[in-house]
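Following: one structure in structure tokens, then a few remarks.
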Amino acid sequence: MKNFRYGTDKLTVGTTMALTNGKLHGTLSPKARHKIDQSAAYVKNIAAHSEVVYGINTGFGPLCDTIISAEDTVNLQHNLLKSHAVGVGHPIPEAVAKTMMIIKAQALAQGYSGVQLRTLERIIWMAEQNIIPVVPEQGSVGASGDLAPLSHLFLPLIGIGEVYYKGNIVSAAEALRAQGMSPLQLGPKEGLALINGTQFIAAHAVHALYRMHNALEAADFISAMSLEGLMGSYKPFDARLHQIRPYPGNQLVAHRLWQLLHKSEIANSHPDCGRVQDPYSLRCIPQVHGASRTAWLHLKELTEIEINAVTDNPIVLGPHDTISGGNFHGQPLAIALDYATVGAAELGNISDRRSYLIIEGRYGLPKLLIRDAGLNSGFMIPQYTAAALVSENKTLCFPASADSIPTSLGQEDHVSMGSISGRKLNRVIDNLEYVLAIELLYAAQAMDFRKPLRSSEVLQACHKLVRTNVPFTDRDRVFAYDIKNLQLLISSGKFVQEANRVAEAHDYHLKKTVYDDFSIS
């Protein structure tokens, strides 16, 4: 696929990220253009006559019974964007804001929202030119859509607000002038169509899915390295065990670990060591990592429905056929995001337990992973950081979707708080990447103590990659730099990419399944 056709083709998570990263370009097909023009004509006709339709010739929310004259409908839409732009806090990442634009364009291009073709063309043009609005992170309650962030997202259409432009934050008016463009004049219903929807929630879900998938992959490789460092057993990953409790996520993780470990010199060097069972953080990796994969997959399935959905209000179906409903309500994604947040936090929880095992001085490893402990504190303190991050993640696991505070004078009396769910999941992944980095730091050090025995080709390659970024430790140093280096190695995707590259080169069959599908449809 060279170009994505908004409103005609289906978005996947992979397609959305490809559009965000500039690897794919978005266009409008003739069919979509016709539907958009037709829908805009329906709205224009309603606005010109006496038929009362919410948001076209009425006020908004509790003002839905206030009739607006035909001559005031343009002012109504501009006032809507300005009055609803009440976001606070730090700006969301530029890439997430661009993803919001892409998902909104997909919704509007389906021809149920009544926007003018030129408005949608401007949104797509801004995204393609990387003129990305500055959107504050706080202010949405996730029902009646993400009103505040979407208002900030589309203020630049009318020449207000700020944008990222050529590496700087500038006024929207300045960026438009530099491009020889003028602000738009919105028509009836356009402001409402722009700010009603779940694109803030959905964009955070898309980015979280990519990041959490990378963390899930990394966690499998890192946990296998830890198991090697601790001289653990790979027998709990036997497929026969998981056939009698056949959760697909568990089976996938068990298969991956078996492939990574069953040919290892380290793993096969102690068949008669007398150790009956490993601690749960080693023995139950498939059950825990697998459950987190299940939560991830559930979120992915729902997100791919949402990014192709029409979520504004009212919906325009014909010249005299509109429905004022609740497609803007964020609950479907809010609950799934909260579920995935628990899944991500649990990856960190079990990772910290493995780190703790490694520094205990058991199974032939020196206490605190250093020979001269006493003079040196060794690897004692990085685990404190992991513990702090894991605890912080636990506090972030309270489900935002379990809360609701009425707004709009009671008109919006149940809201999803899904915007908070999306932001929390990404914060948990931020912390998780550091927790995994600390385990990777420990696992690599532990594997060094197993030389001259070697692990599998894949895990040896993982160890080598770590050592190109962080040296072996024989005396105390500032570990914060090591942790940051390994966090960047993980978050960039380079760690997982290298592991997968070596796995493919040596015919390790790590099972590409729905858990790896980021296809561009």
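Just the heavy atoms: all of them, side chains too, but no hydrogens, waters or symmetry mates, feed the values below.
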For [X], all residues meeting salt bridge (Lys or Arg N to Asp or Glu O under 4.0 Å), sequence neighbours excluded:
X	value
D312	K189
R293	E217, D220
E306	none
R177	none

Is [X] reaching over with its side chain to a backbone N or O of [Y], donor-acceptor style, under 3.5 angstrom?
X	Y	value
S391	A387	no
S151	L147	yes
Q106	D9	yes
Q77	L192	yes
D352	G348	no
N393	A345	no

I want to check something: taking the side chain as every heavy atom from C-beta on, are [X] and [Y] in contact at a cut-off of under 4.5 Å?
X	Y	answer
L194	L186	yes
E301	I305	no
Q199	M101	no
H320	N45	yes

With sequence neighbours excluded, tell me which residues meet ring pair (Phe, Tyr, Trp, His ring centres under 6.0 Å) with [X].
X	answer
Y112	none
F328	none
Y165	none
Y164	none

Tell me whether the count of non-hydrogen atoms from other residues, nucleotides or ligands lying under 6.0 Å of OH in Y210 goes above 12. yes

Check the surroundings of atom CD in Q179: do more than 12 heavy atoms from other residues, nucleotides or ligands lie under 6.0 Å from it? yes

Determine whether the aromatic ring centres of H414 and H329 lie less than 6.0 Å apart. yes

Please tell me whether Y481 and F479 form a close aromatic pair, meaning their ring centres lie under 6.0 Å apart. no

Return the [atom1] to [atom2] distance between [X] and [Y], rounded to the nearest 0.5 Å.
X	Y	atom1	atom2	result
Q497	L489	CD	CG	10.0 Å
T341	L425	OG1	CG	4.0 Å
F4	T15	CZ	OG1	6.5 Å
L216	L432	CG	CG	8.0 Å
T12	K300	OG1	NZ	7.5 Å
I429	M212	CD1	CE	6.5 Å

For the residue pair [X] and [Y], what are the closest heavy atoms and their distance?
X	Y	value
A202	I307	CB-CG2, 4.1 Å
P382	I483	CB-CD1, 4.2 Å
H78	I158	CE1-CG2, 3.5 Å
L436	S351	CD2-OG, 3.8 Å
A32	L28	CB-CD2, 4.4 Å
A336	L299	CB-CD1, 3.9 Å

When you look at E162 and V170, which way does the side chain to side chain contact (heavy atoms under 4.5 Å, CB included) test go after all the steps? CA-CA 6 Å; E162 294 181 317; V170 302; over 6 Å; no

Output a table of donor-acceptor pairs, distance under 3.5 Å, between side-chain atoms of residues 120-137 and any protein atom two or more places apart or on a different chain; print 'none' if there are none.
unit_1: E121; atom_1: OE2; unit_2: R33; atom_2: NH1; d: 2.6
unit_1: R122; atom_1: NH1; unit_2: S182; atom_2: O; d: 2.9
unit_1: R122; atom_1: NH2; unit_2: S182; atom_2: O; d: 3.1
unit_1: E128; atom_1: OE1; unit_2: H25; atom_2: ND1; d: 2.7
unit_1: E128; atom_1: OE2; unit_2: G26; atom_2: N; d: 3.0
unit_1: N130; atom_1: OD1; unit_2: K98; atom_2: NZ; d: 2.8

Please tabulate, for the side chains in residues 396-407, all donor-acceptor contacts under 3.5 angstrom to protein atoms that are two or more places apart in sequence or on a different chain.
unit_1: S401; atom_1: OG; unit_2: D338; atom_2: OD2; d: 2.5
unit_1: S404; atom_1: OG; unit_2: V415; atom_2: N; d: 2.9
unit_1: T407; atom_1: OG1; unit_2: E412; atom_2: OE1; d: 3.1

Residues S113, V310; criterion side chain to side chain contact (heavy atoms under 4.5 Å, CB included); working and verdict: CA-CA 8 Å; S113 303; V310 180; 4.1 Å; yes

Are side-chain N/O atoms of E346 and S292 paired as donor and acceptor at under 3.5 Å? no

Hey, could you give me each pair passing ring pair (Phe, Tyr, Trp, His ring centres under 6.0 Å) that has a residue in residues 172-208? Not counting sequence neighbours. F200-H204

In a table with atom names and distances, give each donor-acceptor pair under 3.5 Å that connects a side chain of residues 89-96 to protein atoms at least two apart or in another chain.
none

When you look at V163 and I169, which way does the side chain to side chain contact (heavy atoms under 4.5 Å, CB included) test go after all the steps? CA-CA 6 Å; V163 295; I169 294 177; over 6 Å; no

Full working for side chain to side chain contact (heavy atoms under 4.5 Å, CB included) between L302 and L333: CA-CA 7 Å; L302 297 189; L333 276 191; 4.0 Å; yes

